[in-house]
Amino acid sequence: FPVTINPQKIKGVPVFDIDSVMKHYQKEIQELRRFVPIGDHQVDGDGRNLFKTMYLDVIYRFAEYIHLIPASEDHHHRGPGGLLIHSIQTAYKSMVFAENKKYKRSGFLDLDKEMAVRARYATWLTGLMHDTGKILRDIHIDAVEQIDAKGGTVAAVGVATWTPHLQTLIDWAKENNVATYAVSYVRHRTHNAHNLDSSHLLPYILGRS
């Protein structure tokens, strides 16, 4: 069925590479690093730094989808970059909150210790992913300008709307030489219906697509 799009758009959001985007969130990354009890010496099964594998790489993959999309149209974090900072902050606060909650224990110390680590990580992931359904259900991303052969920009022509379940926003932008994009909101969207979709991208965010 046809979807009516709100004519009020956030236009001309520039496509920055993820390293450039993440430079603005180093304070939040360092705060997370101090809180998570993973030492620099700890590595995963492939010998990679465990904090980087579990947290930092996940945030970077998450940012490849979320980029500088706002968190909302008219409410909190509605400016460019709002969804990314809101998600990072919510993930951290969720983990801190869960750390101070008591949960049912098995009585086996080793098992309880392992489950505490898993619970902490699951809580963080849930907070990070809680609003990702918005990019699948509530908004459309369309190219505004493209990079031309001379390195300048021209009005975008013939670029299909970004399809999140097929590729990241960054991959879509690279494939189509997108320089800037517009964010449009579905007018008659159902409040909080996006919560149903928030786990769909989790395998890709975790690097298991």
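We use all heavy atoms of the structure for the numbers below, so side chains are in, but hydrogens, waters and symmetry mates are not.
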Could you walk me through whether Leu206 and Leu125 pass side-chain contact (heavy atoms from CB on, under 4.5 Å), step by step? CA-CA 9 Å; Leu206 289 174; Leu125 277 176; 3.9 Å; yes

[atom1] of [X] to [atom2] of [Y]: how many Å apart, nearest 0.5 Å?
| X | Y | atom1 | atom2 | result |
| --- | --- | --- | --- | --- |
| Met95 | Leu128 | CE | CG | 10.5 Å |
| Ile170 | Ile66 | CD1 | CD1 | 11.5 Å |
| Ile69 | Ser87 | CD1 | OG | 10.0 Å |
| Asp131 | Thr90 | CG | OG1 | 7.5 Å |
| Ser94 | Arg120 | OG | CZ | 14.0 Å |
| Leu83 | Thr132 | CG | OG1 | 8.0 Å |

May I ask you to test the [X]-[Y] pair for a side-chain heavy-atom distance under 4.5 Å?
| X | Y | answer |
| --- | --- | --- |
| Glu28 | Tyr25 | yes |
| Arg61 | Tyr204 | no |
| Thr163 | Trp172 | no |
| Gln146 | Thr153 | no |
| Leu68 | Leu84 | no |
| Arg34 | Glu31 | yes |
| Asp142 | Thr161 | yes |
| Ile59 | Ile205 | no |

Any donor-acceptor pair under 3.5 Å from [X] side chain to [Y] backbone:
| X | Y | answer |
| --- | --- | --- |
| His24 | Val21 | no |
| Thr123 | Ala98 | no |
| Ser20 | Phe16 | no |
| Tyr65 | Gln167 | no |
| Glu64 | Ile18 | no |
| Asn49 | Phe51 | yes |

Ring centroid separation for His67 and Tyr181, is it under 6.0 angstrom? yes

Treat each ILVMFWY residue as a node, draw an edge where side-chain heavy atoms are under 4.5 Å apart, and state whether Ile139 and Leu136 are in one component.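 Ile139 and Leu136: one cluster.
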
ILVMFWY network linking Tyr60 to Ile29, side-chain heavy atoms under 4.5 angstrom: yes

Please give me the minimum heavy-atom distance between [X] and [Y], naming the atom from each residue.
| X | Y | answer |
| --- | --- | --- |
| Gln26 | Lys23 | CG-O, 3.6 Å |
| Leu201 | Pro164 | CD2-O, 4.1 Å |
| Pro14 | Thr180 | CA-CG2, 4.0 Å |
| Trp162 | Ile135 | CH2-CD1, 3.8 Å |

Phe35: ring pair (Phe, Tyr, Trp, His ring centres under 6.0 Å) partners, not counting sequence neighbours: Tyr92

ring-ring contact (aromatic ring centres under 6.0 Å, His included), paired with Trp124, selected from Phe97, Phe62, Tyr55: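 It is Tyr55, the one option of Phe97, Phe62, Tyr55 that forms the ring-ring contact (aromatic ring centres under 6.0 Å, His included) with Trp124.
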
Taking NZ, NE, NH1 and NH2 as the nitrogens, is one of them in Lys174 or Asp171 under 4.0 Å from a carboxylate oxygen of the other?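 Not counted as a salt bridge, because no side-chain N and carboxylate O are separated by less than 4.0 Å.
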
Distance-only criterion, 3.5 Å: show the donor-acceptor pairs between side-chain atoms of residues 38-46 and protein atoms not counting sequence neighbours.
from	atom 1	to	atom 2	distance (Å)
Asp40	OD1	Arg33	NH2	2.7
Gln42	OE1	Gly39	N	2.6
Asp44	OD1	Asp46	N	2.9
Asp44	OD1	Gly47	N	3.0
Asp44	OD1	Arg48	N	2.8
Asp44	OD2	Arg48	NE	3.0
Asp44	OD2	Arg48	NH2	3.1
Asp44	OD2	Thr53	OG1	3.0
Asp46	OD2	Arg48	NH2	3.4

